[in-house]
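This report concerns only the one structure given below.
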Amino acid sequence: MRPPLSHHHGHEHEHEFEPQLGLPEKLPATEKILWQGAPNWLAMARYTFHVRKLSFYFAAIILIRVFVVMTEPGLVNPGMVALISALWLGLLAFVAILILTFVAYLSAKTTVYTITNRRIVMRVGIVLTVTFNLPFKRIAAANLRGLSGGRGDICVSLMESDKIAYAHLWPHARPWRFAKPEPMLRCLKNAQTVAALLTEAWSAVVSGGSVNPGPTQAARPLEAHRQQKSVPAESVEQGYPRGMQTS
């Protein structure tokens, strides 16, 4: 695999010829895939591209426009004028929401998140494929943000000396963290199970062990791994990245 925090650029159709799904190169014999997944595109549209909030926003704008037209003096047929105005605004709103929804769909369908027993690999990008390699030893903390329906985002904090450009990560980045961008595994199904698996794998690497689960091994529930952010990073014997908690 590539060196710590490396990123690999590729053609938009490169994933069709990947040696392993979501990976730019085959894993070493000592490294195994523990989990692979992708964002749920409907959740991506709602929580990452804020389609639902924009729908309410546009609806409010249309209602305000109708009210203004209906109360404007001097109009011969204010009802018809208001209807035409609302239809035009509605059409523009529909096109904007449709475009954002389509981008959310493409973002989810072209993304593969991989957790191995040594690292997190993020293959992202609609037009240009970029693969980010995040070794566990360069991960300082992780946080789980719960969403509806058991879905959630897992945000990864890197060591102080490591940085990935926000523009390269987006939309797979924690919002508003421009100075110190944080990679984010977006809108995962069964997010708590994935977070627990990441917790165990991270702990095993940092404490000098390894993780090689069999098909019947189940991840511990996330509730068993909650910890306050005040706990120092070196407390790896607890079995989870510092700061792994729900929010």
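All values reported here derive from a predicted model rather than from experimental measurement. Values reported hereafter were calculated over all heavy atoms of this structure, with side chains retained and with hydrogens, waters and symmetry mates removed.
- Closest non-hydrogen pair, L34 versus A201, comes out as CD1-CB, 3.7 Å.
- At a threshold of 4.5 Å between side-chain heavy atoms, the hydrophobic network of Ile, Leu, Val, Met, Phe, Trp and Tyr places L147 and L54 in two separate groups.
- What you find for P39 and A108 is that their closest heavy atoms are O-CB, 3.5 Å.
- Here CD1 of I154 is found 12.0 Å from CZ of R145. Values are rounded to the nearest 0.5 Å.
- Residues W202 and F136 keep their aromatic ring centres 6.0 Å or farther apart.
- Within the model, atoms CG of L42 and CZ of R151 stand 7.5 Å from one another, a figure rounded to the nearest 0.5 Å.
- Residues F102 and I97 share a single hydrophobic cluster, defined by chaining ILVMFWY side chains whose heavy atoms lie under 4.5 Å apart.
- Rounding to the nearest 0.5 Å places CG of L158 at 5.5 Å from CD1 of I164.
- The aromatic rings of W176 and F178 lie perpendicular to each other, with more than 60° between the two planes, well past the 30° mark.
- Nearest heavy atoms, T114 versus Q36: OG1-NE2, 2.9 Å.
- Side-chain contact check for P183 versus F132: every heavy-atom pair is 4.5 Å or farther apart.
- Only one option out of R118, K26, R119 pairs with E31 in a side-chain hydrogen bond (donor to acceptor under 3.5 Å, both in side chains); it is R119.
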>> side chain to side chain contact (heavy atoms under 4.5 Å, CB included), that's the test. Do W35 and V194 meet it? Break it down for me.
In response: CA-CA 8 Å; W35 174 88; V194 178; 3.6 Å; yes

Contacts table for residues 61-84: side-chain donor-acceptor under 3.5 angstrom, sequence neighbours left out:
residue, atom, partner, partner atom, Å
R65, NE, S85, OG, 2.9
T71, OG1, F67, O, 2.8
T71, OG1, V68, O, 3.2
N77, OD1, M80, N, 3.4

> After noting the C-alpha distance and the side-chain angles of S107 and W41, does the key distance pass the side chain to side chain contact (heavy atoms under 4.5 Å, CB included) rule?
Replying inline: CA-CA 8 Å; S107 296; W41 75 270; over 6 Å; no

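- Shown here is K137, whose NZ atom has no more than 12 heavy atoms of other residues, nucleotides or ligands within 6.0 Å.
- Shortest non-hydrogen contact noted between P181 and A165 is CG-C, 4.3 Å.
- Side-chain contact between K109 and L106: absent, with no pair of heavy atoms (C-beta onward) separated by less than 4.5 Å.
- Between M184 and C155, the shortest heavy-atom distance links the atoms CE-CB, 3.7 Å.
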>> R46 vs S148, test: side chain to side chain contact (heavy atoms under 4.5 Å, CB included). Steps then yes/no.
In response: CA-CA 11 Å; R46 177 178 176 181; S148 63; 3.8 Å; yes

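- A heavy-atom distance below 4.5 Å is found between the side chains of I33 and L27.
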> S161 and R138: side chain to side chain donor-acceptor pair (under 3.5 Å), yes or no, with the steps?
Replying inline: CA-CA 9 Å; S161 59; R138 307 308 304 167; 3.0 Å; yes

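- Residues R123 and T111 have side chains not in contact (no heavy-atom distance under 4.5 Å, counting atoms from C-beta outward).
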>> Walk me through whether I139 and I120 qualify under side chain to side chain contact (heavy atoms under 4.5 Å, CB included).
In response: CA-CA 9 Å; I139 294 176; I120 298 173; 3.8 Å; yes

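- To the nearest 0.5 angstrom, R52 atom CZ is 5.0 Å from F56 atom CZ.
- Residues H172 and Y113 place their aromatic rings such that the two centres sit under 6.0 Å apart.
- A donor-acceptor contact shorter than 3.5 Å links the side chain of N40 to the backbone of A43.
- With sequence neighbours left out, R177 forms a salt bridge (charged side-chain N to carboxylate O under 4.0 Å, His left out) with E182.
- L188 contributes atom CG, which lies 7.0 Å from atom CG of D153 (distance to the nearest 0.5 angstrom).
- Shown here is F58, whose CZ atom has more than 12 heavy atoms of other residues, nucleotides or ligands within 6.0 Å.
- Between F94 and W88, the distance separating the two ring centers is not shorter than 6.0 angstrom.
- Taken together through direct or relayed side-chain contacts under 4.5 Å among Ile, Leu, Val, Met, Phe, Trp and Tyr, V51 and Y47 form parts of separate hydrophobic clusters.
- In the hydrophobic cluster analysis, where Ile, Leu, Val, Met, Phe, Trp and Tyr join through side-chain heavy atoms closer than 4.5 angstrom, Y105 is grouped together with I126.
- Within the 3.5 Å criterion, the main-chain N or O of A195 finds a donor-acceptor partner in the side chain of T199.
- The CE atom of M122 sits 10.5 Å away from atom OG1 of T131, with the distance rounded to the nearest 0.5 Å.
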